[in-house]
Number of protein chains: 2
Amino acid sequence: MSDGRSTSAYSGENLLFLTDEQLRQGIEAMFFAYRGFTADPDRILADMAYGRAHHRAIHFIHRAPGTTVNNLLNILGVTKQSLNRVLRTLIAQGLVISKVGKVDKRERHLFLTDEGSRLEQTLSDAQRARMRSAFRDAGPEAVAGFRTVLEAMMDTEMQRAYTRLKETGA
Amino acid sequence: MSDGRSTSAYSGENLLFLTDEQLRQGIEAMFFAYRGFTADPDRILADMAYGRAHHRAIHFIHRAPGTTVNNLLNILGVTKQSLNRVLRTLIAQGLVISKVGKVDKRERHLFLTDEGSRLEQTLSDAQRARMRSAFRDAGPEAVAGFRTVLEAMMDTEMQRAYTRLKETGA
DNA sequence: AGTATACGTCAGTGTTGTTGACATTCCAAC
DNA sequence: GTTGGAATGTCAACAACACTGACGTATACT
């Protein structure tokens, strides 16, 4: 749909994917897809006393074990009061443990307990299943494009956070 | 599929984009990108008494003028009580008008007022600007892939809603 | 000693989601 | 035509989760 027909060398022809209508479709696709993206974990969490905020915290603690509260704050982009409420319940329920830093005793390093890891696994299995199905249906080229556009859509600080995580993980 | 870069004909080679690590990067890309996606309208709305829910309602009323409350409900995926609170303030502030249906008096058809249209324009200009910039940076092929993956990620009902909107708009 | 940083907490507020109860309107069975 | 159920929309109360602002404590840096 984008350009297969644009055989002409005239550059205006190539910009059809930037019309307002195309952009609006992109916006709506993003809206509907994000709903699907969060639907499965939300369903699982609804039965427990947890919500999406807990999922996010668990995800990134799993991804970067030993991360400090401050670091998590920057990644999640919420206030410390908001994160603290979530963290407090997760610690009280024994899903997360917080260890005082060795080199800097002001810092608290966060880790998942075994139970926390199990929940993380359950949640990310559900989310990955949908992502895997979508990726498989779309094919590798589409997936590459998907990632390219999403990265271009982030704020620069988020790009940095994303890239840092990407590198530590791979 | 004709991936130019996958040199091997062995099909297992082609599934590298489905590893758990790749999927997790996709999940995180989605998370960070959605933050950017909503950031600009959120900033504009923060000054007013409105939030993201108001933006969504305004967007889809603009997109499908005369839509009923029930129809909007299905698109937005919230309870009617939740939507009603948002709608009530928008109507009270003169951004939306609700007209009793002619054939079925139970239905209310929703329209933007001139002031509502102005706000919609402001918000969607901001959101489109970011989307346009991301699209332009990524290029037409990446955009096509982006849309393909997002569509595959939606629930089937959402796919229908998305397709219906896409067709009425284009 | 004095300032800055990291973390936790209390109190208050706003948006947005939920459930429950209720009014109005339509339609079909009686 | 009347009645009862289904559909549509409204009002009220409550929960989750974000925000701001202020404060306290422990530790680090200079």
Side-chain angles (χ1 to χ4, degrees), chain A residues 31 34-35 38-39 41-58 61 66-93 96-111, chain B residues 31 34-35 38-39 41-61 66-93 95-111 123:
Chain A
F31 170 70
Y34 196 77
R35 288 256 300 281
T38 57
D42 281 358
R43 252 190 299 276
I44 295 172
L45 290 161
D47 297 334
M48 321 180 183
Y50 305 122
R52 204 175 290 178
H54 301 84
H55 180 200
R56 289 196 287 258
I58 288 175
I61 293 173
T67 185
T68 64
V69 174
N70 217 6
N71 184 28
L72 200 51
L73 235 47
N74 292 327
I75 289 177
L76 295 176
V78 295
T79 60
K80 65 175 177 179
Q81 293 92 328
S82 195
L83 175 59
N84 187 257
R85 177 169 13 85
V86 168
L87 239 36
R88 207 184 328 177
T89 73
L90 289 176
I91 291 171
Q93 307 284 317
V96 168
I97 46 177
S98 127
K99 293 182 180 169
V100 173
K102 282 177 179 165
V103 307
D104 188 335
K105 291 179 186 167
R106 293 172 304 179
E107 295 180 338
R108 301 296 139 87
H109 299 279
L110 303 169
F111 302 87
Chain B
F31 171 70
Y34 197 77
R35 289 257 299 281
T38 57
D42 281 358
R43 253 190 298 276
I44 295 173
L45 289 161
D47 297 335
M48 322 179 181
Y50 305 123
R52 206 175 288 178
H54 300 83
H55 179 198
R56 291 197 285 259
I58 288 175
H59 174 98
F60 286 108
I61 293 173
T67 186
T68 63
V69 173
N70 212 13
N71 183 30
L72 201 50
L73 235 49
N74 293 327
I75 291 177
L76 295 176
V78 296
T79 59
K80 61 181 177 175
Q81 295 90 330
S82 191
L83 174 59
N84 186 257
R85 177 164 16 79
V86 168
L87 241 35
R88 207 185 325 173
T89 72
L90 289 176
I91 291 171
Q93 306 285 317
L95 302 185
V96 168
I97 45 176
S98 126
K99 293 182 182 170
V100 174
K102 282 178 183 167
V103 307
D104 188 335
K105 289 179 186 167
R106 292 172 303 181
E107 296 180 336
R108 301 295 137 89
H109 298 277
L110 303 168
F111 301 88
L123 295 171

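So that the names make sense, note that chain A is the first sequence line, chain B the second, and so on, each numbered from 1.
- Residues from residues 96-105 of chain A with heavy atoms under 4.0 angstrom of DNA chain D, sorted by number: A:V103, A:D104, A:K105.
- Counting to the nearest Å, the C1' atom of D:dA7 and the CG atom of B:L72 are 17 Å from each other.
- Residues meeting the side-chain hydrogen bond (donor to acceptor under 3.5 Å, both in side chains) test with B:T89, sequence neighbours left out: B:H54.
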What does the list of N/O pairs under 3.5 Å between the protein and nucleotides 2-5 of chain D look like, with a distance for each?
none

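- Residues forming a salt bridge (Lys or Arg N to Asp or Glu O under 4.0 Å) with A:R106 (at least two apart in sequence, or on another chain): A:D104.
- Within the structure, side chain to side chain donor-acceptor pair (under 3.5 Å) contacts touching residues 69-81 of chain B (residues at least two apart or in different chains) are B:T67-B:N71.
- Partners of B:L123 according to the side chain to side chain contact (heavy atoms under 4.5 Å, CB included) rule, which considers only residues two or more places apart in sequence or in another chain, are B:P41, B:I44, B:L45, B:H55, B:L119.
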Contacts under 3.5 Å, N or O only, protein and nucleotides 16-20 of chain D:
residue : atom : partner : partner atom : Å
D:dA18  : OP1  : A:R56   : NH2          : 2.5
D:dA18  : OP2  : A:S82   : OG           : 3.3
D:dA18  : O5'  : A:S82   : OG           : 3.0
D:dA18  : N7   : A:R85   : NH2          : 2.8
D:dC19  : OP2  : A:T79   : N            : 2.6
D:dC19  : OP2  : A:T79   : OG1          : 2.9

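- B:D42 has its CG atom 18 Å from the P atom of C:dG14, to the nearest Å.
- What separates CG of B:L73 from C1' of D:dT10 is a distance of 13 Å, to the nearest Å.
- Following rounding to the nearest Å, B:D47 (CG) and C:dG14 (P) show an atom-to-atom distance of 15 Å.
- Residues passing the side chain to side chain contact (heavy atoms under 4.5 Å, CB included) test with B:V78 are B:L76, B:S82, B:L83, sequence neighbours excluded.
- For the pair A:I75 and B:R35, the tightest heavy-atom approach, listed with the atom from each and the gap, is O-NH1, 3.3 Å.
- Residues passing the side chain to side chain contact (heavy atoms under 4.5 Å, CB included) test with A:V100 are A:K105, A:R108, sequence neighbours excluded.
- With values rounded to the nearest 0.5 angstrom, A:I97 atom CD1 is found 9.5 Å from A:I91 atom CD1.
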* **Full working for side-chain contact (heavy atoms from CB on, under 4.5 Å) between B:V69 and B:N84** => CA-CA 8 Å; B:V69 173; B:N84 186 257; 5.9 Å; no
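- Taken to the nearest 0.5 Å, the CZ atom of A:R88 stands 8.0 Å off from the CZ atom of A:R85.
- Per the geometry, CG belonging to A:N71 stands 17 Å off P belonging to C:dT5, to the nearest Å.
- The interatomic distance linking B:L87 (CG) with D:dT8 (P) rounds to 16 Å, in whole Å.
- When rounded to the nearest whole Å, the span between NE2 of B:H55 and C1' of C:dG14 equals 19 Å.
- For B:R52, the side chain to side chain contact (heavy atoms under 4.5 Å, CB included) partners two or more places apart in sequence, or in a different chain, are B:Y34, B:T38, B:D42, B:R56.
- Sorted by first and then second residue, the salt bridge (Lys or Arg N to Asp or Glu O under 4.0 Å) pairs with a member in residues 67-77 of chain B form an empty list; sequence neighbours excluded.
- Residue B:N84 places no side-chain N or O under 4.0 Å from the OP1 or OP2 atom of D:dG9.
- One atom, CD of B:E107, and another, P of D:dA6, lie 19 Å apart when rounded to the nearest Å.
- No side-chain heavy atom of B:L87 sits less than 4.5 Å from a side-chain heavy atom of B:S98.
- Using a 4.5 Å heavy-atom cutoff, the side chains of B:I58 and B:Y50 are not in contact.
- End-to-end axis angle of the helix from C:dA1-D:dT30 to C:dC30-D:dG1, from C1' rotation axes over five pairs per end: 10° (rounded to 10 degrees).
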